[in-house]
2 protein chains.
Amino acid sequence: MYSSPEYREFRDYLHANGMNVTPERMEVLSLVLKQKGHFRIEDLIRNSARRKKSISRATIYRSLKAIEQAGLIKSIRSIHDEKIFEIVKGHHDHMICELCGAIIEFYDLDLESLQDKICDSQDFLPSRHVMKIFGTCSICRNKKD
Amino acid sequence: MYSSPEYREFRDYLHANGMNVTPERMEVLSLVLKQKGHFRIEDLIRNSARRKKSISRATIYRSLKAIEQAGLIKSIRSIHDEKIFEIVKGHHDHMICELCGAIIEFYDLDLESLQDKICDSQDFLPSRHVMKIFGTCSICRNKKD
DNA sequence: AGAATAATTGAGAATGAATCTCAATTATTC
DNA sequence: GAATAATTGAGATTCATTCTCAATTATTCT
Ligand SMILES: [Mn+2]
Ligand SMILES: [Mn+2]
Ligand SMILES: [Zn+2]
Ligand SMILES: [Zn+2]
């Protein structure tokens with residue numbers, strides 16, 4: 001149980017920060033890894049609630065924060081300014097459809113290096129970035145006919 | 001009074017949306033235009049409170065939303081995930097220093113057109129975007145010596 | 001103008017996400 | 001296995017934002 005690289009990484013993070021590896025923390029990570037795509041905290045809480053031994057809201061919040069700090073998930077905001085999480089895979093950016101709410105992930109190397117170049121020109125040392133393009137997705141565009 | 005282009009634009013928006021031009025709404029816009037750089041709603045509420053006729057919290061929230069929808073201001077999130085507003089000048093993006101919180105505005109035409117190109121390749125019709133680069137600003141970099 | 005109608009405001013209540021408190025539980029150290 | 005430290009859960013609390021609704025103000029109609 002709990003042997004995939006994500007669990008190992010999380011354990012490492014916990015150890016490195018003098019925190020204990022507890023069943024609750026591992027269980028929250030497990031709930032997270034079961035999610036597909038983007039998810040809300042409430043989803044996790046609901047999923048946890050319908051289990052034999054449910055985990056408290058407070059602990060889910062606390063564990064999620066640790067998992068985020070461990071770099072395994074990150075948060076973005078939906079069109080409705082709702083906080084949603086996603087599992088950190090490779091870095092990517094987002095297109096968000098204002099009509100249907102769809103989130104399209106993309107990664108463009110030219111874009112990434114152009115950003116570095118811009119930062120360089122301002123003597124700014126970048127560590128990470130967030131880029132969201134809002135608009136209308138291909139599906140919604142075609143619906144409008 | 002209330003004759004600069006921003007007020008005119010706001011009046012137009014209100015008319016176009018069947019909303020009345022009220023002293024309160026104009027006063028909130030006036031408070032907004034007095035702000036320099038980025039500001040929080042609480043700043044406006046505090047500023048309004050220390051006036052002869054103060055405007056209620058509810059009305060400030062409601063008017064701000066209208067001003068935002070009129071396209072005169074927009075909201076971003078600080079490093080601490082605080083909601084802050086800024087007056088919409090020309091479009092620009094942000095570098096945000098993780099050490100001192102400084103917000104550096106920039107605009108890069110190559111970046112903008114590259115984004116359009118990427119959207120095009122996905123058949124996505126962009127309307128606006130948000131791009132924030134986090135990292136260390138030039139001042140903080142030099143302090144570290 | 002003046003009545004009738006519609007929109008707006010303000011004060012406080014309500015909501016909802018996120019955090020905090022602290023006693024009880026569980027893990028770690030000695 | 002006692003002593004100590006960390007964690008958890010339940011509910012209270014906080015804080016931003018929204019809502020409610022009676023009172024006020026603006027707009028429309030005759
Ligand atoms: Mn994503
Ligand atoms: Mn700005
Ligand atoms: Zn869509
Ligand atoms: Zn700085």
Side-chain angles (χ1 to χ4, degrees), chain A residues 2 10-32 38-70 73-85, chain B residues 2 10-32 38-70 73-85:
Chain A
Y2 298 155
F10 189 35
R11 282 201 204 85
D12 289 349
Y13 170 84
L14 292 173
H15 286 141
N17 288 79
M19 299 165 80
N20 292 341
V21 175
T22 65
E24 287 84 0
R25 283 173 177 156
M26 288 299 131
E27 167 75 4
V28 172
L29 179 52
S30 154
L31 286 170
V32 164
H38 304 93
F39 61 91
R40 300 168 309 144
I41 293 185
E42 282 306 319
D43 297 333
L44 298 186
I45 292 171
R46 197 162 333 107
N47 287 353
S48 166
R50 70 164 68 107
R51 292 228 175 174
K52 31 248 164 172
K53 204 192 171 310
S54 73
I55 298 171
S56 75
R57 178 174 297 270
T59 296
I60 290 182
Y61 269 94
R62 289 186 281 232
S63 300
L64 261 190
K65 184 165 289 178
I67 293 170
E68 184 177 18
Q69 299 194 132
I73 59 176
K74 68 179 176 190
S75 77
I76 62 175
R77 297 240 167 210
S78 75
I79 351 172
H80 308 301
D81 209 43
E82 240 190 346
K83 190 178 212 172
I84 58 186
F85 284 93
Chain B
Y2 298 156
F10 190 34
R11 282 200 205 88
D12 289 348
Y13 170 84
L14 292 173
H15 286 140
N17 288 79
M19 300 166 78
N20 293 339
V21 175
T22 65
E24 287 84 1
R25 283 173 177 157
M26 287 299 132
E27 167 75 5
V28 172
L29 177 53
S30 153
L31 287 170
V32 164
H38 305 92
F39 62 91
R40 300 167 308 145
I41 293 185
E42 282 305 320
D43 297 333
L44 297 186
I45 292 170
R46 198 162 332 105
N47 287 353
S48 165
R50 68 162 70 107
R51 293 226 175 175
K52 30 249 167 173
K53 205 192 172 311
S54 74
I55 298 171
S56 76
R57 178 174 297 269
T59 296
I60 290 182
Y61 269 93
R62 290 187 281 231
S63 300
L64 262 190
K65 183 165 289 177
I67 294 170
E68 184 177 18
Q69 299 195 132
I73 59 175
K74 67 179 177 189
S75 78
I76 60 175
R77 299 241 166 210
S78 74
I79 351 173
H80 308 299
D81 209 41
E82 240 191 345
K83 190 178 211 172
I84 59 184
F85 284 93

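Just so we're on the same page: letters track the sequence lines, and every chain starts at 1.
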Query - Atom-to-atom span, CG of B:Asn17 to C1' of C:dA7 - whole angstrom - result: 14 Å

Query raised in the report: B:Val32 versus B:Glu68: any side-chain heavy-atom pair under 4.5 Å?
Result: no

Query raised in the report: B:Ile60 CD1 to C:dG12 P: how many Å, rounded?
Result: 15 Å

Query raised in the report: Are OP1 or OP2 of C:dT9 and a side-chain N or O of B:Arg62 less than 4.0 angstrom apart?
Result: no

Query raised in the report: Is there a side-chain contact between A:Arg62 and A:Arg25 (heavy atoms, below 4.5 Å)?
Result: no

Query raised in the report: What integer distance in Å separates B:Glu82:CD from D:dA16:C1'?
Result: 11 Å

Query - Distance in angstrom units between B:Arg77 CZ and D:dT17 C1', rounded - result: 11 Å

Requested in this report: For A:Leu14 and C:dA27, give me the distance from atom CG to atom P, rounded to whole Å.
Outcome: 15 Å

Query raised in the report: Closer than 4.0 Å, any side-chain N/O of B:Lys53 to the OP1 or OP2 of C:dG10?
Result: yes

Requested in this report: Give a yes/no answer on whether the side chain of B:Thr22 brings an N or O atom under 4.0 Å of OP1 or OP2 in C:dT9.
Outcome: yes

Requested in this report: Check whether any side-chain heavy atom of A:Arg51 sits under 4.5 Å from a side-chain heavy atom of A:Leu31, and report yes or no.
Outcome: yes

Query - Minimum-distance nucleotide to A:Ala58 side chain [options: D:dT7, C:dC20, C:dG10] - result: C:dC20

Requested in this report: Looking only at side-chain atoms of B:Thr59, point me to the closest of D:dT27, D:dT17, C:dT9.
Outcome: C:dT9

Query raised in the report: Considering only D:dT20, D:dT17, C:dT19, which nucleotide approaches the side chain of A:Tyr61 most closely?
Result: C:dT19

Report summary line: For D:dA22, the nucleotide meeting Watson-Crick or G-U wobble distances (both under 3.5 Å) is C:dT9

Report task. Could you please name the partner base of C:dA14, counting Watson-Crick and G-U wobble pairs only when both distances are under 3.5 Å? Result -> D:dT17

**Report entry** Derivation of the salt bridge (charged side-chain N to carboxylate O under 4.0 Å, His left out) call for A:Arg57 and A:Glu42
**Finding:** CA-CA 9 Å; A:Arg57 178 174 297 270; A:Glu42 282 306 319; 2.9 Å; yes

**Report entry** Distance (rounded to the nearest 0.5 Å) between A:Ser48 OG and A:Glu27 CD
**Finding:** 6.5 Å

Report task. Tell me which nucleotide among C:dA18, C:dT28, D:dT17 gets nearest to the side chain of A:Ile41. Result -> C:dA18

Query - Protein-nucleotide distance (A:Lys83, atom NZ; D:dC15, atom P), rounded to Å - result: 17 Å

**Report entry** Test side chain to side chain contact (heavy atoms under 4.5 Å, CB included) applied to A:Ile45 and A:Tyr61, step by step
**Finding:** CA-CA 9 Å; A:Ile45 292 171; A:Tyr61 269 94; 4.2 Å; yes

Query raised in the report: Among C:dT19, D:dT17, D:dT20, which nucleotide sits nearest the side chain of A:Lys65?
Result: C:dT19

Report summary line: Whichever of A:Met19 and B:Pro23 has the more 5' nearest nucleotide on DNA chain D, that residue is A:Met19

Query - Watson-Crick or G-U wobble mate for C:dT28, both contacts under 3.5 Å - result: D:dA3

Query raised in the report: For A:His15 and D:dA6, what is the distance between atoms NE2 and P respectively, to the nearest whole Å?
Result: 14 Å

Query raised in the report: Between A:Arg57 and B:Ile55, who's closer to the 5' end of DNA chain C by nearest nucleotide?
Result: B:Ile55

Requested in this report: Measure the distance from CE on B:Met26 to P on D:dT25 and round it to the nearest whole Å.
Outcome: 18 Å

